[in-house]
Amino acid sequence: QVQLVESGGGLVQPGGSLRLSCAASGSIFLVNNMGWYRQAPGKQRELVATISSGGSTNYADSVKDRFTISRDNAKNTVYLQMNSLKPDDTAVYYCNMVIKPEWARAVSYNYWGQGTQVTVSS
């Protein structure tokens, strides 16, 4: 089995910062792309940022220059540093990883974290 566990969410004032972490554990052979998505109340889940196995990054326009995604391949962990937070950033944040498990090395599976709440409010 493979499991993704997120941490780092919480309540922060506008202009503040938070750092999210997501660690994968279990029978992992290889982790390819990693990413963060978010879903605000009444809205569809949307992409926030992704990072490839080679380190290439992609950001939603709404978070460019404020958020930074990074990864630690040795720890199978992805991070999201969020600065200059705005009330519009309030959402449940989900991490996502494309993983080849030990029991099926030729097949990639899409895994999701349980979600962590980020609330930006004064």
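Bear in mind the structure is a predicted one, so any value in this text is a computation, not a measurement.
Contact between Met97 and Ala24 at its shortest, heavy atoms only, is SD-CB, 3.6 Å. Nearest approach of Ser84 to Ser17, heavy atoms of both residues: N-OG, 4.4 Å. Nearest heavy atoms, Lys100 versus Ala106: NZ-O, 3.9 Å. Contact record, Ser21 with Tyr79: OG-CD2, 3.3 Å, taken as the closest heavy-atom pair. Residues Leu4 and Cys95 share a closest heavy-atom pair of CD2-SG, 3.7 Å.
Placement of Ile99 and Ile51 within a single hydrophobic cluster is found when ILVMFWY residues are connected by side-chain heavy-atom separations under 4.5 Å, directly or transitively. Residues Val98 and Tyr94 do not share a hydrophobic cluster, defined by chaining ILVMFWY side chains whose heavy atoms lie under 4.5 Å apart. Residues Val78 and Val63 are members of one and the same hydrophobic cluster, defined by side-chain heavy-atom contacts under 4.5 angstrom among Ile, Leu, Val, Met, Phe, Trp and Tyr. By the criterion of side-chain heavy atoms lying less than 4.5 angstrom apart, applied directly or through intervening Ile, Leu, Val, Met, Phe, Trp or Tyr residues, Val120 is grouped together with Leu18 in one hydrophobic cluster. With hydrophobic clusters built from ILVMFWY side chains whose heavy atoms lie under 4.5 angstrom apart, Leu80 shares a cluster with Tyr111.
Note on residues 10-30: no pairs pass salt bridge (Lys or Arg N to Asp or Glu O under 4.0 Å), not counting sequence neighbours. The side chain to side chain donor-acceptor pair (under 3.5 Å) contacts involving residues 112-122 comprise Gln117-Thr119, where partners must be two or more places apart or lie in separate chains.
Inter-residue side-chain proximity for Tyr93 and Val48 is flagged as met; some heavy-atom pair is nearer than 4.5 Å. When side chains are defined from C-beta on, Val118 counts as touching Leu20, because their heavy atoms get closer than 4.5 Å. In this structure the side chain of Met34 never reaches within 4.5 angstrom of the side chain of Cys22, judged on heavy atoms.
The environment of CG in Asn110 is crowded: more than 12 heavy-atom neighbours from other residues, nucleotides or ligands sit within 6.0 Å.
For Lys43, there are no salt bridge (charged side-chain N to carboxylate O under 4.0 Å, His left out) partners at least two apart in sequence or on another chain. Scanning for salt bridge (charged side-chain N to carboxylate O under 4.0 Å, His left out) contacts around Arg66 gives Asp89, with sequence neighbours left out.
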Using a 3.5 Å cut-off and no angle test, enumerate the donor-acceptor pairs between side-chain atoms of residues 53-62 and protein atoms at least two apart in sequence or in another chain.
unit_1: Tyr59; atom_1: OH; unit_2: Ile69; atom_2: N; d: 2.9
unit_1: Asp61; atom_1: OD1; unit_2: Lys64; atom_2: NZ; d: 3.2
unit_1: Ser62; atom_1: OG; unit_2: Arg38; atom_2: NH2; d: 3.4

Can I get a per-line list of side-chain donor-acceptor pairs under 3.5 Å for residues 25-33, giving both atom names and the distance, sequence neighbours left out?
none

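Rounding to the nearest 0.5 Å places OG1 of Thr68 at 11.0 Å from CE of Met82. Taking CG of Leu85 as the reference point, atom OG1 of Thr90 lies at 8.5 Å (rounded to 0.5 Å).
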